[in-house]
Amino acid sequence: MEQPKYKYIYGPVSSWRLGRSLGIDPISSFQKTCTFDCVYCQSGRTEVFSDRREVYVPTEALIHELNSLPEVSVDYVTFAGHGEPTLAKNLGGMIRAVKMIRKEKVAVITNSSLIDRKDVVEDLLLADLVEAKLDASSSESFKVINRPMPEILWEDMVGGLKTFRKVFKGYLALQVMFMASNKACAAAIAQIAHQITPNEVEINTPLRACAVKPLSIEEIEEITAIFRGVCGAESKVRNVYEVKREKIQPFCQPSTERRRGKENS
Ligand code: SF4
């Protein structure tokens, strides 16, 4: 197998939400490290559960990779990867480093589990766009879909999202993954989204290879209509089936496949 030239950076990949996105994996561990074990995770089961922030990738090492990139034109530099990005204690330092070196906007894709913590909020405030997950309308459905560590409480996470919205001046996108097990919660999740008031709600369903079947276009359209009815006046609402994606050739295939699977989608 071809050895990855880049250990921490991957892509560019085509994202239905972010356009052309250059990925940075601030965890970059071969074992998936996360606070959740979502039933639909494309990376399989969580191997390392942790809610402790640590330095996984030294900022200097990331700077070295950023400076050795080929010329690449992208819309966003995005922190996301094989695990939860906010577990990186030096996330703020890495965002600052990217902003010194690259001209593009910076996005962070988070599962929202640590968004009630002050140090995490301070780091996320440095981003231009934060895409935050909310798949459940109650503590019970949270445990079924996201299978969090016992320390992570749904109520704290929702409270953290509401507080974050008040202080974050950038673009907040709420991503909701729908499948058969939470389809009936659509109206309740839409009500919570309405209280959070993100700039955008992204309705998704697991289209990449994983253990869960995606919902059909018709089912996702029904859910989208519910969200537009409840929070469409304040938040843009989009769904994964509505957006066309461009085919992009990553500059480093092995590092990209590790984070995104074979189908670069
Ligand atoms: S939060 Fe993301 S990385 Fe963690 S288990 Fe869920 S889908 Fe996988």
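In listed order, ligands and their atoms are each counted from 1.
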Which protein N, O or S atoms does atom 8 (Fe) of ligand 1 have within a distance shorter than 2.8 Å? C41 SG
N199-R165 side chain donor-acceptor pair, cut-off 3.5 Å: yes
Testing the 3.5 Å rule here: is there a donor-acceptor pair between the side chains of S21 and T78? yes
Answer yes if the ring centres of F178 and Y40 are under 6.0 angstrom apart, and no otherwise. no
Any non-hydrogen side-chain atom of D123 less than 4.5 Å from a side-chain atom of D119? no
Search all heavy atoms of K162 against all heavy atoms of I196 and return the closest pair with its distance. CG-CG1, 3.9 Å
May I ask you to list the atoms of ligand 1 that are less than 4.0 angstrom from any heavy atom of K133? 1 (S)
When rounded to the nearest 0.5 Å, the distance separating CD1 of I152 from CG of D51 is 5.0 Å
